[in-house]
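Structure record follows, encoded as C-alpha cells.
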Amino acid sequence: MSGPHVIRGSVSLPEAELMWRFSRSSGPGGQHVNTTDSQVELRFDLAATDALPEVWKQRALERLAPRLVDGVVSVRASEHRSQWRNREMAATRLASLLAEATAPPPKARRATKIPRGINERRLRNKKQRSETKRGRSGQGWS
C-alpha cells in the first residue's frame with residue numbers, strides 16, 4: 001500500500017491490524033471480472049486496537065455502533081477494475097470514517113439575545129409591507 005493510513009495528526013492505522021479479504025466483483029470489467037478477485041473488503045477490529053487513544057476509541061465505538069459487528073468495522077470497495085485501486089479506495093474510506101468518528105464533538109452553541117434595533121427594524125418592515133398590501137385591496141376607491 002502507499003504508506004501509513006493517517007487518521008488525524010500522528011495517529012495512523014497499523015498495517016498489522018488491517019484484515020483484507022478479496023472476492024470477485026460484479027462491477028465493470030467484462031470477462032476479466034469473472035477471473036480476478038478485484039472486490040476488496042477491509043476489516044478493522046476497533047474494540048481490540050491499541051493504535052487509537054482510549055478517548056478516541058470510546059467515541060468511535062459509540063458513533064459507529066450501528067456499523068460494528070463484534071467490535072469490527074468493515075469497508076468495501078469494488079468501483080475499479082484493479083484490485084490495487086480498490087485497496088487504496090477501501091483504506092482511504094476506512095481512514096476517513098475513523099477520522100469522522102473520532103472527531104471531538106462541536107462546541108455547544110451559546111444562546112444570544114437579539115439586539116433591540118434588529119427587532120425594531122423587522123417590525124417596521126413588516127408594518128410597511130402590511131400597509132402596501134392593504135393599499136392593494138381596492139376598498140374605498142369609489
Side-chain angles (χ1 to χ4, degrees), residues 1-140:
M1 293 302 315
S2 61
H5 311 291
V6 178
I7 295 176
R8 193 169 51 251
S10 61
V11 178
S12 61
L13 296 175
E15 192 67 40
E17 292 188 21
L18 299 178
M19 297 167 276
W20 299 92
R21 200 175 107 200
F22 309 101
S23 59
R24 295 202 174 128
S25 176
S26 62
Q31 293 174 347
H32 173 72
V33 122
N34 301 328
T35 59
T36 58
D37 295 336
S38 60
Q39 178 173 290
V40 175
E41 182 181 356
L42 176 57
R43 297 164 50 96
F44 179 68
D45 194 348
L46 187 57
T49 188
D50 291 327
L52 299 176
E54 196 58 37
V55 177
W56 288 19
K57 189 168 150 181
Q58 291 306 319
R59 208 179 283 157
L61 284 170
E62 272 179 32
R63 292 180 183 169
L64 296 176
R67 281 191 73 146
L68 297 178
V69 178
D70 297 327
V72 177
V73 63
S74 86
V75 176
R76 280 189 183 188
S78 62
E79 292 82 30
H80 302 288
R81 289 176 63 172
S82 100
Q83 185 189 96
W84 185 258
R85 288 178 66 189
N86 283 332
R87 284 175 63 121
E88 293 279 329
M89 181 73 73
T92 305
R93 275 192 200 151
L94 181 65
S96 65
L97 180 72
L98 289 176
E100 192 177 310
T102 59
K107 288 185 179 178
R109 183 186 174 279
R110 237 178 49 208
T112 57
K113 187 178 175 190
I114 298 173
R116 193 172 78 213
I118 289 177
N119 208 23
E120 287 174 357
R121 190 177 334 137
R122 181 182 62 85
L123 292 174
R124 195 169 46 248
N125 288 340
K126 280 180 72 163
K127 178 93 50 198
Q128 284 176 347
R129 187 83 176 135
S130 162
E131 291 296 326
T132 302
K133 288 190 171 194
R134 192 164 11 147
R136 296 178 186 158
S137 70
Q139 291 193 2

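Applying the side chain to side chain donor-acceptor pair (under 3.5 Å) test to pairs two or more places apart or on separate chains, those with a residue in residues 93-104 are R8-T102, E79-R93.
Salt-bridge annotation for E62 and R59: absent, with no side-chain N of the basic residue lying under 4.0 Å from a carboxylate O of the acidic one.
The environment of CG in N125 is crowded: more than 12 heavy-atom neighbours from other residues, nucleotides or ligands sit within 6.0 Å. Residue R122 places its CZ atom among more than 12 non-hydrogen atoms of other residues, nucleotides or ligands, all under 6.0 Å distant.
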Solution key, residues 103-117 side-chain donor-acceptor pairs under 3.5 Å, sequence neighbours excluded:
residue : atom : partner : partner atom : Å
R116    : NE   : E120    : OE2          : 3.3

With a cut-off of 3.5 Å and sequence neighbours excluded, list every side-chain donor-acceptor pair involving residues 42-54.
residue : atom : partner : partner atom : Å
D45     : OD1  : A47     : N            : 3.4
D45     : OD1  : A48     : N            : 3.4
T49     : OG1  : E17     : OE1          : 2.4
T49     : OG1  : A51     : N            : 3.1
E54     : OE2  : Q58     : NE2          : 3.1

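Of all heavy-atom pairs between A90 and V75, the closest is O-CG1, 3.9 Å.
The structure places CZ of R134 at 8.0 Å from NZ of K127, a figure rounded to the nearest 0.5 Å. Taking CG of L97 as the reference point, atom CG of L64 lies at 5.0 Å (rounded to 0.5 Å).
Side chains of Q39 and N86 form no contact here, defined as non-hydrogen atoms less than 4.5 Å apart. Looking only at side-chain heavy atoms (C-beta outward), R121 and R124 come within less than 4.5 Å of each other.
The closest donor-acceptor contact from the side chain of T92 to the backbone of E88 lies under 3.5 Å.
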